[in-house]
2 protein chains.
Amino acid sequence: MSNLEFAPPKYAQIVQAIQTRIEDGTYPVGTMLPSEARLVREFGSGRSTVVRALQILSMQGWIEREHGRGSFVKGVPAHGAERSHAGASAFDAPENVGDTTVTAAGRAAAPAVVAEALNVPENSPLIRRQRVILDEDSPSELVTLWFPLDIASGTDLGDTGVIAIGAREHLQALKQVRPARITERLSARLATAEERRLLATEEGAPVLAILATVLNAENAPIAVADIVLPGDLHELEDSYPAT
Amino acid sequence: MSNLEFAPPKYAQIVQAIQTRIEDGTYPVGTMLPSEARLVREFGSGRSTVVRALQILSMQGWIEREHGRGSFVKGVPAHGAERSHAGASAFDAPENVGDTTVTAAGRAAAPAVVAEALNVPENSPLIRRQRVILDEDSPSELVTLWFPLDIASGTDLGDTGVIAIGAREHLQALKQVRPARITERLSARLATAEERRLLATEEGAPVLAILATVLNAENAPIAVADIVLPGDLHELEDSYPAT
DNA sequence: GACGACCACTCGTCCGATCAAGTGAGTATC
DNA sequence: GATACTCACTTGATCGGACGAGTGGTCGTC
């Protein structure tokens, strides 16, 4: 149109135009879109180009195409789910920020739940790395990372020194591990004595406990994070399409 | 090939073939795919068809296409997140299944958190609908649904009679409401006296509390579900790609 | 050796055409 | 009135060509 300016490709322009019209109600939800032939005339492009735009809109969920009938407006596609991924953060958070203290690092015997998640016998030796995060000078989060010995060997994960990048990045920089997926198990329970000590909470205080397992592409466990959040300090948020 | 059997379109066959080859390692991650010209020769189809297949694979995250260089294998795309959507279930679960008891239905004043979620003043009159779900004869879940009066009017949500379909379906069948999104806030706390009575738990028992708000496309709240799960009976699962 | 011209190869976009197949309304037939 | 046919209109799939543009190598010149 205007100049030789950076013009997006025609098909993308058509996609954009139709999205706008759906958003502003020019094409109301449920109604039929102009036919391909019509759009070809309106936009002055070949049918293949119009069809390409419609296919993209269809794949993104804006419209529905029905063979022999027409294309119909479905509406603005809902975003995917959004949530706080406590597990991912546990492995990605660096330790050199002000309010993080590494409280333990080194060998330790696997507790039952961790052993189960890592698929090793209970009390097997593992590398444990534990930190407490303060919020306004009072402890607000206790994170314990657990790694199999072979995965942690050759890394600094078992040393008490601060790791300035996230554990995941540290691991990936030194070893051939490829995290593919994280699964989390979340429950409410009372804090254990050890947790009460580290978090400075009262007896009988409820906590949100998250056990996050990092898996590689073959679904083999790479690491486990045990995250303990005092109930009165934390709220997790989650948001997803309603259909 | 074989007969006149139901053959999927060529482009879909090409998509499938390449997906299989990525999965079984014929095309290892990171390597370059055969060029379009090569694939055209191999599959005996036009370039447009091959390109269409490659574009689909690219949009689905299997490959990455680089102008002037080639197409490269990214790997099997990770699934989206999967989790139990307690909020959605609260509105979709029917009440006529064996272990559900409607314990209250009718007008009630809005508690603070519910009022805030529904964007009304505290103690405003609302329709409340409460049920307890038993697991093996002991209470395992307490769900309280809250609706603004105008939304619930003309429905059976305020009556104590059992609603055989989910509340959402009931509502949508009778009124013009379109749920678009659900947001959840999750926390661990101790059960209140009222909750202990309904759930038959001890004093000091931790519970997982979920406050789910149903929003329409304009982000206006339609309903709220207050879900209380005794901590010793429930574990929520969550799983998502690690990148 | 550094630089640039050239060239083969790659993907990106667009076009117009053909044939197929599903839909729905109108029409002719019974 | 019910049925079958026709026809206009719709999307679905595919083809082959054309031009543009980014990449990376070779090769010649300086």
Side-chain angles (χ1 to χ4, degrees), chain A residues 1-19 21-22 27-75, chain B residues 1-19 21-22 27-75:
Chain A
M1 237 177 242
S2 43
N3 276 358
L4 302 162
E5 314 212 359
F6 242 39
K10 274 195 179 182
Y11 75 90
Q13 291 180 31
I14 299 177
V15 166
Q16 252 269 275
I18 297 180
Q19 283 175 343
R21 293 179 194 178
I22 292 178
Y27 297 155
V29 172
T31 60
M32 183 177 156
L33 239 58
S35 74
E36 293 173 0
R38 248 174 226 285
L39 292 172
V40 163
R41 279 199 295 278
E42 173 180 349
F43 289 101
S45 46
R47 185 178 169 224
S48 330
T49 308
V50 167
V51 166
R52 185 171 174 185
L54 292 175
Q55 273 165 347
I56 291 174
L57 287 166
S58 160
M59 274 198 263
Q60 294 183 347
W62 292 79
I63 66 172
E64 198 149 1
R65 285 162 65 70
E66 292 182 39
H67 192 172
R69 303 220 314 132
S71 301
F72 298 85
V73 180
K74 271 176 71 179
Chain B
M1 268 247 170
S2 43
N3 275 359
L4 303 162
E5 313 210 1
F6 241 43
K10 274 195 180 179
Y11 75 91
Q13 292 179 31
I14 299 177
V15 166
Q16 253 266 272
I18 296 180
Q19 283 174 344
R21 292 178 194 178
I22 292 178
Y27 296 156
V29 173
T31 60
M32 183 177 157
L33 240 58
S35 74
E36 294 172 1
R38 247 173 227 287
L39 293 171
V40 163
R41 279 200 295 278
E42 173 180 349
F43 289 102
S45 44
R47 180 158 100 110
S48 332
T49 307
V50 167
V51 167
R52 184 172 176 185
L54 293 176
Q55 272 165 347
I56 291 174
L57 288 167
S58 160
M59 274 198 265
Q60 293 182 347
W62 291 80
I63 66 173
E64 197 150 0
R65 284 162 66 72
E66 291 182 39
H67 192 172
R69 305 220 311 132
S71 301
F72 299 84
V73 180
K74 270 176 70 179

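Convention: sequence-line order gives letters A, B, ...; per-chain numbering from 1.
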Any side-chain N or O of Tyr11(A) less than 4.0 Å from the OP1 or OP2 oxygen of dT13(C)? yes
Rounded distance in Å - CZ (Arg38(B)) to C1' (dT10(C)): 12 Å
Report yes if at least one side-chain N or O of Ser71(A) is closer than 4.0 Å to OP1 or OP2 of dT10(D); otherwise report no. no
Can you tell me the distance, in whole Å, between the CZ atom of Phe43(B) and the P atom of dA13(D)? 17 Å
Of all the choices, dT13(C), dC15(C), dC15(D), which nucleotide is nearest to the side chain of Arg52(A) once you look at every atom? dT13(C)
Could you pull out the closest heavy-atom pair between Ile63(A) and Ser71(A), with the gap in Å? CD1-CB, 4.3 Å
In this structure, how many angstroms lie between the P atom of dG12(C) and the CD1 atom of Ile56(A), rounded? 12 Å
Side chain of Pro9(A), heavy atoms from C-beta onward: which of dT10(D), dC11(C), dT13(C) has the nearest atom to it? dT13(C)
Could you tell me whether Arg21(A) and Glu42(A) have a side-chain N and a carboxylate O separated by less than 4.0 Å? yes
Nearest-angstrom distance from the residue atom CD1 of Ile14(B) to C1' of dT14(D): 10 Å
Within the structure, does a side-chain N or O atom of Ser35(B) lie under 4.0 Å from either OP1 or OP2 of dT10(C)? yes
Using every non-hydrogen atom in the two residues, find where Gln13(B) and Ala7(B) come nearest and quote the distance to one decimal. NE2-CB, 4.1 Å
Does Lys10(A) make a side-chain N or O approach to OP1 or OP2 of dG12(C) shorter than 4.0 Å? no
For Lys10(A) versus Ser45(A), what's the shortest heavy-atom pair and its separation? CD-CB, 4.0 Å
Rounded to whole angstrom units, what separation is found between the CZ atom of Arg65(B) and the P atom of dC9(C)? 18 Å
Do Met32(B) and Arg69(B) have side-chain heavy atoms sitting under 4.5 Å apart? no
Return the value, rounded to whole Å, for the distance between atom CG of Leu57(B) and atom P of dG12(C). 13 Å
Any chance you could list the contact pattern along nucleotides 17-25 of chain C? Use B for base contacts, S for sugar-phosphate-only contacts and - for none, protein heavy atoms under 4.0 Å, 5' to 3'. -B--BBSS-
Hey, is the side chain of Thr49(A) poking within less than 4.0 Å of OP1 or OP2 on dC14(C), counting only N and O atoms? no
Nearest 0.5 angstrom please: Arg38(B) CZ to Arg41(B) CZ, how far? 6.0 Å
Do you see a donor-acceptor pair shorter than 3.5 Å between the side chains of Ser58(A) and Arg65(A)? no
Euclidean distance, atom CD of residue Glu66(B) to atom P of dT23(D) [Å, nearest integer]: 9 Å
Whole-Å distance between dT14(D) P and Gln55(A) CD? 11 Å
